[in-house]
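A short worksheet on the structure shown next.
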Amino acid sequence: MALQEYNKKRDFSKTTEPYGEEAPDAGEWRFVVQRHDARKLHFDLRLEMDGVLKSWAVPKGPSLNPSDKRLAVHTEDHPLKYLHFQGTIPKGNYGAGEMTIWDTGSYSLSQGQQKSIQDLYKKGDLKLTFYGTKLRGDFALVKTHYQNKQNQWLLIKKEDDYSIDLDYDANLHLGENAPSAGKKSPLEVSPKRQVSPMLASRDKAIDIGTLKKGWLFEFKWDGYRILCNHEDSNTSLYSRNGISYTDLFTPITDSLSQLSFSAIIDGEVVSLNKNGLPQFQWLQHYREEPKGDLVYMVFDLLYLDGHSLTHMPLTERKELLRSLVEDLPHIRYSEHFTNGKGLYQEVLAEGGEGVIAKKADAAYHPGIRTESWLKFKPRESLEALICGYTASESRPFGSLILGLQNEGVLTYIGNCGTGFSHKRQKELLERFQALRIDSSPFLGKINLAGKQPIWMNPVLMAEVHYAEWTDSGRLRQPVFKALRQDKTPFELHIHSDTQSESSDRSDKQPGSAPGEENSLQLDGINVPISNLEKIYWPKEGIQKYDLIEYYLSIADILLPYLKGRPQNLHRHPEGIEKEGFYQKDTPDSFPKWIKTTAIYSESSDKQIDYMLCQDEATLIYMANLGCIEINPWHSKMGNLDRPDYMVIDIDPSPKNSFGEVVEVAQSFHEFLKSIGIEGYCKTSGSSGLHIYLPLDAQYTYEEARDFCKLICTMVQQNLPSLTTLERRIKSRGDRIYLDYLQNRPGQTIAAAYCVRPQPGAPVSTPLLWKEINSKLDKNDFTIYTINDRIKKHKDLFKGVLGKGIDIESALEKFPD
DNA sequence: GGGAAGC
DNA sequence: GCTTCCCAACGCTTG
DNA sequence: CAAGCG
Ligand SMILES: [Mn+2]
Ligand SMILES: [Mn+2]
């Protein structure tokens with residue numbers, strides 16, 4: 001490639017919109033790794049970011065082995081066109097030599113990343129997930145801390161399903177999957193696995209009229225992008241994120257189940273009004289109120305009768321598709337046209353969404369945003385932060401107050417008062433309540449033309465369509481489309497066979513409109529999930545979604561500590577700032593698959609059905625009920641009066657520092673060591689610490705409690721002014737309460753790995769004794785950090801359910 | 001969070 | 001049809 | 001006994 005052309009393209013890249021529709025927030029961007037046989041062979045890693053390709057030269061190439069730290073030297077930004085470039089750079093030019101595409105695909109920030117990619121990039125601490133052919137899974141791309149080596153970064157594979165233990169040499173992996181001359185062979189698909197759809201890109205610089213030969217044009221349907229896998233008697237519909245729509249859109253499922261061949265179909269489900277125009281809002285409320293003609297507009301066929309078709313040209317796939325779905329009810333073949341300009345004008349006149357242009361000979365690359373498909377639409381859209389709303393007498397609220405984060409400053413971009421039904425407004429208003437704040441989140445004063453603002457913590461995002469920007473930086477004719485569903489769907493954690501883990505907010509997608517009844521298939525049970533986006537931690541904007549995601553991720557480790565134990569549910573259905581309540585009895589309205597055990601209650605003279613958390617399904621059902629915290633008994637069914645462990649509950653007064661708590665725990669550790677006991681310590685998740693001693697159900701609660709009291713007495717004597725055994729709060733003063741009374745039947749303590757209804761969503765986290773020092777920060781352990789910690793330390797509480805201590809021989813070692 | 005009662 | 005209400009714990013310790 | 005406590 002000549003420098004001249006490079007420069008030309010570079011100028012072009014500067015002219016692209018700084019805030020385009022896709023680039024800033026889609027959460028998934030493209031990457032390429034080029035093998036560059038220049039003076040010295042190296043690999044160039046390029047990541048799409050802010051409209052350019054951030055680039056690193058990796059001398060040894062990427063490795064899939066986590067123990068390799070590959071040096072990556074940050075080089076200058078390259079224009080986006082480099083995503084597809086391979087060829088020979090002539091001698092005499094910079095970087096002369098052969099350049100081939102080694103791998104390409106998309107990437108996103110890894111799970112649990114809170115900051116924007118721009119911030120993390122600036123910090124030099126990128127945790128990325130790649131969806132390429134060779135580069136797959138999680139990587140860290142981090143700046144080294146050498147101050148005189150500013151541009152030296154390291155590319156390190158993280159331990160996951162794609163990492164390997166063997167040596168890895170990128171130069172030996174040029175295999176058949178390597179794309180050659182711009183023709184990357186597409187992934188094969190199978191109806192046994194979900195497929196991520198190919199996505200269209202958008203380039204406002206292109207005039208649809210200039211696309212002629214080799215392009216065809218389809219309606220851009222305003223509905224849900226849905227794929228269908230059909231094989232034998234199995235027919236399933238699912239969204240881009242893998243959420244199942246098989247049951248919701250039964251007319252379509254039933255119709256496609258009649259197919260006589262196995263197939264994978266791509267299309268858009270729409271709800272049509274009498275004039276045949278798709279009504280997106282009707283579709284959003286299809287579950288509660290089916291309305292309009294439900295039609296699956298199918299436009300691609302990826303698999304037929306045992307063969308993957310992804311490599312075939314589009315026109316051939318569509319021909320097969322047309323004959324396949326002929327005459328099926330609720331299924332319509334999406335025709336294509338050759339006059340793009342004409343179709344576009346027609347669509348505009350009818351108020352349609354837009355037009356998709358497709359290269360007639362293009363293959364189908366699952367999960368890739370392709371330039372072989374281009375979307376054209378008259379209106380812009382973006383994701384804006386909802387910063388508040390205006391009051392109204394006639395409606396639930398007047399309009400949304402919208403803002404964007406602009407270089408760290410929240411900027412007002414206008415109000416939006418249309419696009420929601422009365423019903424939708426009420427749902428939104430309810431969701432807004434938890435986020436209300438007293439003063440404006442904007443720095444300056446906002447002119448709202450006298451309307452009364454109600455301010456909100458700006459964490460919710462709305463997809464808004466608009467005509468253009470005004471000169472003063474406001475949206476013209478904004479219309480609310482949907483609340484953003486910006487999270488990775490759980491389904492992907494369960495069926496790890498889908499590719500894309502991120503969502504594209506510019507393509508509308510189903511998933512979690514409020515009031516929509518979701519469910520999650522776990523342990524063969526359809527677990528009902530409601531109000532996923534309900535905010536449980538208003539300050540942080542953490543949703544029920546995040547809680548469930550955490551519990552899904554920790555279930556395997558957590559469940560052994562819950563199985564067989566009656567529980568006291570502690571529920572916070574309205575979030576942590578509203579009062580929660582305890583619930584012991586399991587009402588009849590709970591599903592019958594929930595296991596319970598009946599225990600007689602003296603006070604109410606009746607049997608109480610205590611819930612047992614035996615499996616992931618119950619765990620998630622509990623989370624859905626607002627059980628942020630989990631409170632199991634210390635003893636199990638079958639041996640209810642003999643606890644499996646003894647608990648030393650270290651409870652500081654509000655006046656004690658955490659450092660003092662640590663000091664007390666250290667004192668316990670010393671004493672326990674002196675009587676030959678190891679003990680296991682965890683954060684309570686709140687302000688204290690818990691020390692567990694394994695008992696293996698060998699002693700009664702009373703024996704455990706007496707032994708605990710003895711130990712606490714020793715420590716209290718050792719630290720008389722810092723600790724107390726006083727049960728009355730008033731008598732404790734500002735001392736730390738050593739609560740041995742927790743060792744009683746029916747008494748509970750927040751389980752290891754459970755979340756606490758406290759600021760920051762802390763997790764009760766098992767620790768190494770050596771971590772219990774003045775540097776310990778209990779705020780380090782939250783739903784966002786525990787999984788990394790477990791990768792490193794595994795389950796530090798394993799011993800709690802292991803071999804029990806011998807109280808008698810420990811007592812012999814007591815002083816005096 | 002959800003069901004029942006009340007307006 | 002929509003809003004509000006109401007419910008969802010216990011048992012041991014201590015004074 | 002009622003109130004306190006987790
Ligand atoms: Mn290079
Ligand atoms: Mn405690």
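Computed from a prediction, not measured in an experiment: that's the story for all the values here. Throughout, a chain's letter reflects where its sequence line sits, starting with A, and its residues are numbered from 1.
Side-chain nitrogen and oxygen atoms of Asn531(A) include at least one within less than 4.0 Å of the OP1 or OP2 phosphate oxygen of dG1(B). OP1 or OP2 of dG11(C) lies within a sub-4.0 Å distance of a side-chain N or O belonging to Ser603(A). Remark: Lys423(A) is not in phosphate contact with dC2(C), judged by side-chain N or O atoms under 4.0 Å from OP1 or OP2.
Glu702(A) has no carboxylate O lying under 4.0 Å from a charged side-chain N of Arg705(A), or vice versa, which leaves the two without a salt bridge.
Thr748(A) comes within 4.0 angstrom of nothing in the nucleic acid, heavy atoms only. No contact: Leu569(A) has no heavy atom under 4.0 Å from any strand.
For Glu574(A) and dA8(C), the CD to P distance is 17 Å, given to the nearest whole Å. As a whole-Å value, the separation of Asp585(A) CG from dC10(C) P is 8 Å.
In the set dC5(D), dG6(D), dA9(C), the nucleotide with an atom closest to the side chain of Arg727(A) is dC5(D). Taking the side chain of Arg732(A) as heavy atoms from C-beta on, and the options dC10(C), dG11(C), dG6(D), the nearest nucleotide is dG6(D). Nearest nucleotide to the side chain of Ile608(A), out of dG15(C), dG1(B), dA9(C): dA9(C).
Aromatic ring centres of Tyr621(A) and Phe590(A) lie closer together than 6.0 Å.
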